[in-house]
Amino acid sequence: LEEVATTGYGYGNKGDYKSLNITADSGQYYLVDQTHTGNIETYDAHNTKSNYNLISDYDNAFTSTSQRAGVDAHYYADQVYDYYKNTHNRDSYDGKGAPLYSVVHYGYNHNNAYWNGEAMFYGDGDGRTFSPLSGANDIVAHELTHAVTDYTAGLVYEYESGALNESFSDVFGYFVDPDFLMGEDAYTPGIAGDALRSMSNPEQYDQPAHMSQYQYLPNTEDGDYGGVHINSGIPNKAFYNTVTVIGKAKAEKIYYRALSYYLTPNASFSDARAALIRSAQDLYGSTDANTVANAWSKVGVY
Ligand SMILES: Cc1cc(C(=O)NCC(F)(F)F)no1
Ligand SMILES: [Ca+2]
Ligand SMILES: [Ca+2]
Ligand SMILES: [Zn+2]
């Protein structure tokens with residue numbers, strides 16, 4: 001018997017119907033999507049941090065409650081893969097069709113998600129701060145964009161370059177989920193309208209929105225590696241200032257060109273401003289280049 005590509009369906013964390021690309025193999029069905037260069041495969045860690053296994057079922061319906069996190073991770077990984085291929089002609093995070101591996105039910109009550117250089121890992125949340133984190137497509141795009149960044153600009157995950165690394169992940173989270181809130185679909189299931197971060201109003205969630213409020217923190221785990229998730233509010237606000245004037249279609253080309261062509265591992269906020277101005281000038285001319293310049297000047301970055 002061989003692995004036959006087929007379609008199935010399942011319910012996401014919100015009980016929403018999702019059509020899935022799956023694989024049938026000797027009477028079993030697996031969350032393995034063979035429709036791209038590399039497979040998209042989704043695993044279950046059963047609330048451990050080790051020994052994962054492919055999510056499988058006896059039919060093509062992944063409708064059990066325990067499968068919901070995997071259904072979302074599988075579906076959104078496909079969505080983000082398609083985004084990079086269709087919008088930027090980038091085949092997976094390495095540009096060469098690398099397979100995408102996702103692991104759900106990672107750890108116990110784990111209020112986070114992350115890319116470890118090889119796979120994406122999603123906690124279930126504790127049910128108060130987060131519901132299963134794969135349920136937010138901007139989080140999936142955020143994590144996958146860390147992989148893209150690692151293969152392109154390689155922004156070092158500390159201080160300003162690290163805050164840029166975080167910001168580019170939020171920015172491509174916007175491009176996949178075009179609203180200015182980050183993580184809202186998995187954040188505080190008991191509270192409507194809030195989010196992990198706001199790109200339009202970073203201060204709402206205790207992030208600086210201007211260079212004058214940059215937080216000098218130590219490059220330690222406790223210091224969030226120089227405040228990479230905190231100081232990202234400044235480039236996030238600059239992005240908001242840009243996209244609200246230029247529009248999404250142009251902004252995503254400008255940001256992708258800067259990330260893949262101009263930015264270097266130790267880029268500062270000022271270097272990012274220059275890379276984005278250059279990208280806007282290359283693609284669309286001086287009017288849009290000036291818009292980018294002003295967007296960053298307004299957050300105190302020159
Ligand atoms: C600490 C800490 C981690 C994060 C974060 O952005 N995690 C990735 C996400 F996808 F879950 F959002 N923010 O503060
Ligand atoms: Ca969002
Ligand atoms: Ca909420
Ligand atoms: Zn991140």
Side-chain angles (χ1 to χ4, degrees), residues 9-20 42 47 62-80 83 102 104-114 120-146 166-209 213 224 228-244 247-248 251-252:
Y9 70 94
Y11 299 133
N13 184 58
K14 293 197 161 91
D16 54 310
Y17 177 96
K18 285 183 162 94
S19 181
L20 302 168
T42 304
N47 294 119
F62 290 77
T63 53
S64 76
T65 310
S66 68
Q67 290 170 331
R68 292 187 167 195
V71 166
D72 282 334
H74 197 66
Y75 183 87
Y76 289 139
D78 182 35
Q79 186 182 74
V80 177
Y83 169 78
S102 301
V104 296
H105 300 310
Y106 179 76
Y108 181 71
N109 280 7
H110 191 61
N111 286 318
N112 213 335
Y114 73 99
M120 287 177 292
F121 293 84
Y122 299 99
D124 287 335
D126 60 13
R128 207 173 300 289
T129 303
F130 277 107
S131 54
L133 280 87
S134 58
N137 63 336
D138 54 6
I139 286 181
V140 176
H142 177 109
E143 295 312 328
L144 253 181
T145 298
H146 280 310
E166 270 299 308
S167 178
F168 271 82
S169 275
D170 284 352
V171 165
F172 280 87
Y174 172 90
F175 291 143
V176 171
D177 177 47
D179 58 50
F180 292 114
L181 293 179
M182 176 62 213
E184 70 279 2
D185 289 342
Y187 192 68
T188 61
I191 304 166
D194 62 348
L196 180 64
R197 289 186 286 276
S198 165
M199 305 177 84
S200 54
N201 189 7
E203 303 101 315
Q204 189 172 357
Y205 300 107
D206 307 321
Q207 287 189 286
Q213 294 150 1
D224 191 25
V228 299
H229 293 98
I230 296 156
N231 292 310
S232 60
I234 296 163
N236 280 1
K237 182 71 178 200
F239 168 70
Y240 171 77
N241 295 340
T242 301
V243 73
T244 49
K248 178 172 182 281
E252 57 196 346

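As the structure is a prediction and not an experimental result, all values here were calculated from the model.
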**Asked** Tell me, do Ile230 and Asp206 make a side-chain contact under 4.5 Å, heavy atoms counted?
**Response** no
**Request:** Say whether, by atom type as modelled, one donor and one acceptor occur between the side chain of Gln213 and the main chain of Ala209 under 3.5 angstrom.
**Result:** yes
**Message:** Are Pro178 and Lys248 packed together at the side-chain level, in the sense that at least one heavy-atom pair is separated by less than 4.5 angstrom?
**Reply:** yes
**Message:** Return the CZ to OG distance between Arg68 and Ser131, rounded to the nearest 0.5 Å.
**Reply:** 11.5 Å
**Request:** Can you see which heavy atom on Pro208 is nearest to which on Pro202, and at what distance?
**Result:** O-CB, 3.7 Å
**Prompt:** Can you list the steps and then say if Ile139 with Met182 is a side chain to side chain contact (heavy atoms under 4.5 Å, CB included)?
**Reply:** CA-CA 7 Å; Ile139 286 181; Met182 176 62 213; 3.8 Å; yes
**Request:** Taking all non-hydrogen atoms of both residues into account, name the closest pair between Ser134 and Ala69 and its distance.
**Result:** OG-O, 2.8 Å
**Request:** Determine which pairs satisfy ring pair (Phe, Tyr, Trp, His ring centres under 6.0 Å) with at least one residue from residues 184-208, sequence neighbours left out, and list them in order.
**Result:** Phe130-Tyr187
**Request:** Assess the side chains of Gln207 and Asn236: does a donor N or O sit below 3.5 Å from an acceptor N or O?
**Result:** no
**Message:** Pair Val104, Tyr122 - check side chain to side chain contact (heavy atoms under 4.5 Å, CB included), show working.
**Reply:** CA-CA 5 Å; Val104 296; Tyr122 299 99; 4.1 Å; yes
**Item:** Exercise: identify the closest heavy-atom pair between Ser200 and Ser198
**Value:** OG-OG, 3.2 Å
**Distance in Å, Thr42 OG1 paired with Tyr76 OH, rounded so as to fall on 0.5 Å steps** = 13.0 Å
**Message:** Looking only at the side chains, is there a donor atom on one of Glu166 and His146 sitting less than 3.5 Å from an acceptor on the other?
**Reply:** yes
**Prompt:** To the nearest 0.5 Å, how far apart are CG in Asp78 and NZ in Lys18?
**Reply:** 12.0 Å
**Validation row: Val176, Gln79 side chains within 4.5 angstrom (heavy atoms)** = yes
**Request:** Work out which heavy atom in Val140 is nearest to a heavy atom in Met120; give both atom names and the distance.
**Result:** O-SD, 4.1 Å
**Message:** For a quick test of reading the model, state the closest non-hydrogen atom pair linking Asn241 to Thr244 and the distance between them.
**Reply:** O-OG1, 3.4 Å
**Prompt:** Applying side-chain hydrogen bond (donor to acceptor under 3.5 Å, both in side chains), which residue pairs with at least one partner in residues 174-185 are found, sequence neighbours left out?
**Reply:** none
**Request:** Could you grab the distance from atom CG of Asp170 to atom CE of Met199, nearest 0.5 Å is fine?
**Result:** 5.0 Å
**Message:** Please enumerate all residues that pass salt bridge (charged side-chain N to carboxylate O under 4.0 Å, His left out) together with Glu143, with sequence neighbours excluded.
**Reply:** none
**Request:** Say whether Asp72 and Asn13, considering side chains only, have a donor N or O and an acceptor N or O under 3.5 Å apart.
**Result:** no
**Any donor-acceptor pair under 3.5 Å from Ser19 side chain to Tyr9 backbone** = no
**Request:** State, yes or no, whether a side-chain contact exists between Phe172 and Tyr83 at a heavy-atom distance under 4.5 Å.
**Result:** yes
**Asked** Considering residues at least two apart in sequence or located in another chain, which fulfil the ring-ring contact (aromatic ring centres under 6.0 Å, His included) criterion with Tyr240?
**Response** Phe180
**Request:** Kindly state whether the ring of Tyr114 and the ring of Phe121 have centres lying under 6.0 angstrom apart.
**Result:** yes
**Item:** Qualifying residues under side-chain hydrogen bond (donor to acceptor under 3.5 Å, both in side chains), relative to Asn47, sequence neighbours excluded
**Value:** Asp124
**Message:** Testing the basics here: between Asn111 and Gly125, what is the closest heavy-atom pair and its distance to 0.1 Å?
**Reply:** OD1-CA, 3.2 Å
**Asked** What is the distance from atom CD of Gln67 to atom NE2 of His105, rounded to the nearest 0.5 Å?
**Response** 8.5 Å
**Message:** Could you work out, with ring-ring contact (aromatic ring centres under 6.0 Å, His included) as the rule, every residue matching Phe168, not counting sequence neighbours?
**Reply:** Tyr255
**Message:** I need the Ser167 OG to Phe239 CZ distance, nearest 0.5 Å.
**Reply:** 8.5 Å
